[in-house]
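Before any comments, here is the structure.
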Amino acid sequence: MRPPDLRLRTALAAAVALAVVVPAGASAAHADAPAISAMWMWDNPLDRSVDARGTAYAPADPATLAAFVQEHHLTTVHLAAPWASDEGPVAAWLTDAIVAVRAQGASVGVLGGDPPWLGQPELAVQWMRAATNGRTVDHVQVNVEPWTRPEWFTDRTGSVTRWLALLDAVRAELPPGVGLGVDVPYWLAWEPWGDGTVADAAMARADRVEVVAFVDHAHGPDGILALSADAVAAAVAAGLPFTVGVETDTPAVAGGAEWTFGDDGLAALLTETALVRDAMAGTPGYEGVAVQHYRTWRTLLTPPPTPS
């Protein structure tokens with residue numbers, strides 16, 4: 001989720017202050033809280049021979065996942081729900097995974113997003129209904145990325161309009177007590193829209209937000225803190241709970257080494273996210289760092305084999 005034009009706009013980001021006036025009593029993470037509090041999980045343990053929607057990632061079984069959540073003191077997990085996730089073998093796995101994670105005290109969101117939803121928001125509603133059917137979830141996390149589509153560069157207004165209409169459609173049909181979570185790249189706070197920005201418009205429709213800042217260092221004009229500052233300020237002004245998202249996939253997947261911790265190792269991830277925590281402790285609504293994603297984070301946690 002780096003800027004589509006690949007410009008970091010470092011001069012602007014470096015000038016932004018994180019301090020924002022907010023209502024008294026708003027919740028915030030503290031300096032002694034774990035730096036990483038949330039994660040996206042895109043996998044399931046099912047083999048494709050059992051279910052075509054399977055990704056065959058064994059550690060995604062409910063018991064192993066729950067143990068990971070407990071070990072790392074996670075408070076929020078976004079679990080990918082495939083299409084028609086209330087049918088077939090994937091249905092039992094998703095239900096069991098949600099129960100297992102919630103048993104650890106973490107909030108759970110069902111996660112999904114496909115490009116066709118931008119033109120057919122009724123598909124997103126259909127997906128959401130299946131993903132929440134018969135399950136106790138805290139939020140629906142919508143991860144649709146119009147900025148990755150060619151139309152973003154030829155019809156920016158239409159692209160944003162379709163994205164916001166999609167969010168409106170899902171929000172209107174949410175089950176009682178279920179919130180809408182939205183992934184918002186930091187640079188959408190630099191995209192004008194109406195009287196504000198695209199980030200403002202998305203956050204006006206959300207109950208929680210992941211401010212996506214996929215870079216591999218906390219400080220400096222092109223670091224997580226500076227780049228995310230405008231989007232963080234928008235989340236605080238909107239009174240939303242939020243996390244700041246980082247990437248742990250390979251540079252090839254992330255689009256470059258500068259966008260991910262995948263090539264930097266576990267020590268770098270822990271050091272830099274701790275710096276983010278220290279800088280943002282006390283920021284209203286801040287709930288910690290979210291890691292993209294479970295499989296690649298576990299890869300970082302696994303020591304390389306010792307040469308024989």
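Every value quoted in this text rests on a predicted model; they were computed, and no experiment measured them.
The closest donor-acceptor contact from the side chain of D138 to the backbone of V108 lies under 3.5 Å. Side chain of R135 to main chain of A130: a donor-acceptor pair is present (N/O by atom type, distance under 3.5 Å, no hydrogens or angles). The backbone N or O of Y57 lies less than 3.5 Å from no partner atom in the side chain of D43, so there is not a single donor-acceptor pair. Here the side chain of N44 pairs a donor or acceptor atom with the backbone of T55 at under 3.5 angstrom. Within the 3.5 Å criterion, the main-chain N or O of P116 finds no donor-acceptor partner in the side chain of D114. Under the 3.5 Å distance criterion, the side-chain polar atoms of E272 are matched with a main-chain donor or acceptor of A218. Of the possible polar contacts, one joining the S37 side chain to the E287 backbone as a donor-acceptor pair under 3.5 Å is found.
Below 30°, between 30° and 60°, or above 60°: for H72 and W297 the angle between ring planes is between 30° and 60°, a tilted geometry.
Contact of the L180 side chain with the L174 side chain is registered, since non-hydrogen atoms from C-beta on lie closer than 4.5 Å. The shortest distance between side-chain heavy atoms of Y186 and D230 does not fall below 4.5 Å. Between T64 and R298, the closest side-chain pair of non-hydrogen atoms falls below 4.5 Å. Looking at Y294 and V69, their side chains never come closer than 4.5 Å, going by heavy atoms from C-beta outward. The shortest distance between side-chain heavy atoms of V215 and E258 does not fall below 4.5 Å. A 4.5 Å side-chain heavy-atom check between F68 and L74 finds at least one atom pair inside the cut-off. A heavy-atom distance below 4.5 Å is found between the side chains of W93 and V90. Within the 4.5 Å cutoff, no side-chain heavy atoms of P146 are placed close to those of R162.
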Please tabulate, for the side chains in residues 78-87, all donor-acceptor contacts under 3.5 angstrom to protein atoms that are two or more places apart in sequence or on a different chain.
residue, atom, partner, partner atom, Å
H78, ND1, H139, NE2, 2.9
H78, NE2, E210, OE2, 2.3
D86, OD2, N133, ND2, 3.1

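Put simply, the residue from V101, T95, L94 that forms a side-chain contact (heavy atoms from CB on, under 4.5 Å) with I98 is L94.
Under the 4.5 Å side-chain heavy-atom criterion for grouping Ile, Leu, Val, Met, Phe, Trp and Tyr, V99 is not connected to M41 through any hydrophobic cluster. Linking ILVMFWY side-chain heavy atoms closer than 4.5 Å, directly or via other members, places V289 and L275 in two distinct hydrophobic clusters. Hydrophobic clustering of Ile, Leu, Val, Met, Phe, Trp and Tyr side chains at less than 4.5 Å, counting indirect connections, keeps V50 apart from W42.
A donor and an acceptor atom, one from each side chain of W40 and N143, are nowhere located under 3.5 Å apart.
Every side-chain hydrogen bond (donor to acceptor under 3.5 Å, both in side chains) that T197 has, sequence neighbours left out, goes to D200. Here T296 pairs with T248, D249, H293 under the side-chain contact (heavy atoms from CB on, under 4.5 Å) rule; sequence neighbours left out.
Every pair passing ring pair (Phe, Tyr, Trp, His ring centres under 6.0 Å) that includes a residue from residues 228-257 is listed here, sequence neighbours excluded: F242-Y286. Annotation: side-chain hydrogen bond (donor to acceptor under 3.5 Å, both in side chains) contacts involving residues 168-181, sequence neighbours excluded, comprise R129-E173, D168-R205, R171-D207. Within the structure, no pair that satisfies the side-chain hydrogen bond (donor to acceptor under 3.5 Å, both in side chains) test touches residues 260-270, not counting sequence neighbours.
Residues A100 and A66 come closest through the heavy atom pair O-CB, 3.7 Å.
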